[in-house]
Every structure is written in C-alpha cells, then in structure tokens.
There are 2 protein chains.
Amino acid sequence: MQEESHLAVGDSDTTPDTAPGTRRPGGRTARNREAVLEAALELLSELGYAATCVQDIANRSKVAASTIYRRWGNRDGVILDLAQTLVAEPAGALPDTGDLERDLALLGQVIVDVMSSPRGGVVQSALVAAGVDSPTARKTLAQIVNRRVEDTKLIAERAIERGDVPAGTDARHVINTLAAPIYHRWYIGGERPTTEELHRYARVAAHAARSGLLS
Amino acid sequence: MQEESHLAVGDSDTTPDTAPGTRRPGGRTARNREAVLEAALELLSELGYAATCVQDIANRSKVAASTIYRRWGNRDGVILDLAQTLVAEPAGALPDTGDLERDLALLGQVIVDVMSSPRGGVVQSALVAAGVDSPTARKTLAQIVNRRVEDTKLIAERAIERGDVPAGTDARHVINTLAAPIYHRWYIGGERPTTEELHRYARVAAHAARSGLLS
DNA sequence: AGCCAAATGAGATTCCTCTTGCATTAGTAC
DNA sequence: GTACTAATGCAAGAGGAATCTCATTTGGCT
C-alpha cells in the first residue's frame, strides 16, 4: 500500500500517487467523462436508479466498463460525480411578486417541476436511495439541497427588507419550511403535491415567518 | 405456464395454485418466517440496507436461501414483509399535557426516537431506499407513515375539542406539518434534528393549526 | 517531432446473486 | 396412525457484476 519514500531513480515503480483522470484531465479523459455522465443521466431517466448498471453506461457512452470502474469505483460513484456536476449549474430566475406567500407558492411549483425533470429529480432520487447507506451520498444530497436553499433564500430576504417579516428571521428556515412538506409528500407519501397542497404549504411558511417563528 | 382446465383425475399435475407458505401456514412454515424476519431485522441494523443480502439472512436464520427466494422473491420482498409485520404492532401512549405545542414537541421527540431505533428507523430507511424504484415499497412506506399519523392525530383532535384550534382543522395535516421537517432533516439534511429544532417545528405546526391554516 | 507514462480497451477471471431439479421432511386431512 | 403433498434443504448451474492483466492509445512535456 505505502509508496517508497526514497526518490525513485530508475526502478519499475509505475503506480501514480493520484487518482486516475487527474494527471491528464484534457483530451480523451475529458471526453470520456462527459460521455459517461451523459449516458448515466439518460439511463437514470429511462430505467431508474436500481436498473441502471455500469455495463449499460459503458455501452451507451462507448467507454469501456473497466475504465468506469477504475475512475469512479462503481455506479454510485458515477452518480455522485453527476450530481456534483449538475449542482454547479446556475439557477434560474426567482419569483418576485412583492408578496411572500405568493412567491413561496411559485417557488414550490418550481421545486416540484425540478423534481419531475430528469436533471433534477432523477439524480436527487438516486441520491436519496444511495444516501440511506452512503454518508458520501448523504453529504452530496445535503450539499445540493443547501445550495438550492442558498439560491432561493433571497425570496425571504426581500420580505424581510420590505418589513413584511420581522428582522432576525432566518431566510433559510423560511425556505425549508416550504420545502420540507413538499419533499415529505414526494418521498414519504409517494405522490406529487397538488397545487392546493402547495398553496397550503406556502401559507403555513409565510404565516410562520410573519409571526416571527423562524428566527 | 397455463394449467389444464379439466378436473385433474390422476395425472402428474403437482403445481399448487397459491403462493408458497399459504397452504400449510402452521408449524415449520411459521417458524421459518419468524426466523427469517428476525434475522433480516438484525442484519439491517448491523450492516445497513445495501450490505444485507439473502445469503446472510439464510445463514443466520438457518433457513435455506432457496426457500427465501421461493417465498419472498428477493431481499426487498423480505424487507417488505418485515415492514408490514412491524407496522401491525400497537403504538405506545401519546403525550397529553393539555397544550398542543408541548404535545407536538414531545411527539416529535418520539418520532426521532423511533427513527433512531432498529425496529422503526432501519426498516423505514430501507423502505425509503427501495421506494425510489419500487412502487410497492413506496406504498408500504406511505402505509406505515399514514398508520402512524392515524395513531397520533388524537393529539390534534384533543386540541380541537378544547377549542384551542378551529373546528374543521384536519388533524392529519397538523401531524404532517410537524413530521415533514423532521423527516426532511433526517433524510435530506442527513442529520438528526436537535431539541431546539424540534421545538421550532412544534411551534410552527401549533401556530398554523391555531390560525386555521390546516383545514 | 519524439519520449514517457497516464489512460484506455478488450478479454480472462473471480465472486456473488438468483434459479432450478430432485430427494427428503413434515403439516394437514382423513 | 396413515396418506398425500406442500414446504424445505441441498447442490448444481446460469447469469451478471466487479476486478485484474496486459497490450495499445494518447495526452503532456521537451
């Protein structure tokens, strides 16, 4: 396991001391990475998490399975990389109607739409499944969701500036109060929230914020 | 595949028309079922969902692996049966302090304790993982959670009777408003909610209920 | 342009999951 | 108790996932 500490003069030590794909990140390595992640995203959308296997990713991406195992370890490794890549993408425009409750209802609809889409939902669901056993997946999932909270908390901050919500309110709590019942309905209840439910969630979150319960 | 429709007189038709384990449910069949479910629960607790395999369940329960495959199909089938069995167990006593917010905070602690325990948490986590792909697991998970909601909604109904909460309030909404952020913190955030957070969740749910937002 | 090793591809190999066939055990009805 | 057969155990084997070896390709550097 341990590498020799003396300066390698001319012996047959050929083991690189970094992970594969980091020494020559350009050219074929970069192309392969893109092809693998794209194939993984497509297969996740088409087949779901359980049915997506490394062999299929290899076939579709035209990258050898042994290469995928070497660089990502296993299926979850690919999905984690995919998730990290997707979360780096910039967010869209935020609702800004001047009313907190209405903004939250619109945001709730955006959250549902994202979860219904391949890029957002399928990968996130895979992370939920993998996260039950893997701390790394859990951390990535939390990172993704936290990133989205940071991207959207401006909605609550505007309400604070307007004076609709007490100063000292934690904008992230406001977003989480909206998001929690949405995810609960999705992953635990197994159903997509209705528009009526989204409005109720937004009403509860806005009311709690206005009442100073989210500081 | 298709069985002959004529009355079997004396031919070599030996295929039973019901699932294995249903024709002779007593004696060895019952003992094996108990041993398999107990072993599965232990292994889930010790190894987690991903690492629990049929072969290990067979070794620990002293039931042949082929028997497990025949009766439950695969690992998830065993876990589903285990979940259905656990959910049939009676619930414990409910908090009843006369104050909705305090009752909800105590209930929140109970929910966290259940999720931290093998019987509740490990099986539920396995269902969350399996539910991402399996509609059956999703249904079972929803059934378990709904059952718990039904068992605990009395807390909210008492508040309605006391007049602390408007008539027409849906007691299940009250419970779900408490539970959603707990599950959110657990499965999405990857962390166990703190006592302070539990109190905030209870405060928000109680306040929403009192304000008539949960009808 | 030329060199060196990182990265890859193809195939062999190992390990594990799940299925199947057959002989044996044991639950249930009589 | 006896008969019938569902249920089980055991072993063989098919199929797939993951690892390993080695020859080849190719990116990065001079």
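A, B, ... follow the sequence lines: proteins, then strands. Residue 1 opens every chain. Predicted model, so just to flag it, every value in this text is computed and none were measured.
Residue A/Arg33 contributes atom CZ, which lies 12 Å from atom P of C/dT8 at whole-angstrom precision. The distance between atom CD1 of A/Ile57 and atom C1' of D/dG16, rounded to the nearest whole Å, is 15 Å.
Considering only residues two or more places apart in sequence or on other chains, A/Glu196 meets the side chain to side chain donor-acceptor pair (under 3.5 Å) condition with none of them. Taking the side chain to side chain donor-acceptor pair (under 3.5 Å) definition, one finds that B/Glu101 meets it with nothing, sequence neighbours left out. In this view, A/Arg185 and A/Glu191, A/Glu197 satisfy the salt bridge (charged side-chain N to carboxylate O under 4.0 Å, His left out) rule, not counting sequence neighbours. By the salt bridge (charged side-chain N to carboxylate O under 4.0 Å, His left out) test, B/Arg102 is found to be paired with no residue, residues two or more places apart in sequence or in another chain being considered. Not a single side chain to side chain donor-acceptor pair (under 3.5 Å) links A/Asn74 to another residue, sequence neighbours left out. Listed by chain and residue number, A/Asp96 satisfy the salt bridge (charged side-chain N to carboxylate O under 4.0 Å, His left out) test with A/Arg158 (two or more places apart in sequence, or in another chain).
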What donor-acceptor contacts under 3.5 angstrom involve side-chain atoms of residues 27-40 of chain B, with partners at least two apart or in another chain?
from, atom 1, to, atom 2, distance (Å)
B/Thr29, OG1, B/Arg24, O, 3.1
B/Arg33, NH1, B/Asp81, OD1, 2.7
B/Arg33, NH1, B/Asp81, OD2, 2.7

Atom pairs and distances, donor-acceptor, side-chain atoms in residues 176-183 of chain B, under 3.5 Å, two or more places apart:
from, atom 1, to, atom 2, distance (Å)
B/Asn176, ND2, B/Arg172, O, 3.3
B/Thr177, OG1, B/His173, O, 2.7

Kindly list each side-chain donor-acceptor pair under 3.5 angstrom involving residues 133-140 of chain A, sequence neighbours excluded, with atom names and distances?
from, atom 1, to, atom 2, distance (Å)
A/Asp133, OD1, B/Tyr49, N, 3.0
A/Asp133, OD1, B/Ala50, N, 3.3
A/Asp133, OD2, B/Ala50, N, 2.8
A/Ser134, OG, A/Thr136, N, 3.3
A/Ser134, OG, A/Ala137, N, 2.9
A/Arg138, NH1, A/Gly131, O, 2.7
A/Thr140, OG1, A/Thr136, O, 3.0

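A heavy atom lying under 4.0 Å from DNA chain C marks the following residues of residues 59-75 of chain B, by number: B/Ser66, B/Tyr69, B/Arg70, B/Gly73.
When the C1' atoms of four end pairs are superposed on the next four at each end of the helix from C/dA1-D/dT30 to C/dC30-D/dG1, using five pairs per end, the two resulting axes differ in direction by 50°, to 10°.
Using a 4.0 Å cut-off between charged nitrogen and carboxylate oxygen, A/Arg147 and A/Asp151 count as a salt-bridge pair.
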- Sugar-phosphate or base contact per nucleotide [nucleotides 24-30 of chain D; S, B, -; heavy atom under 4.0 Å]: -BBBS--
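Within the 4.0 Å cut-off from OP1 or OP2 of D/dT8, at least one side-chain nitrogen or oxygen of B/Asn32 is found.
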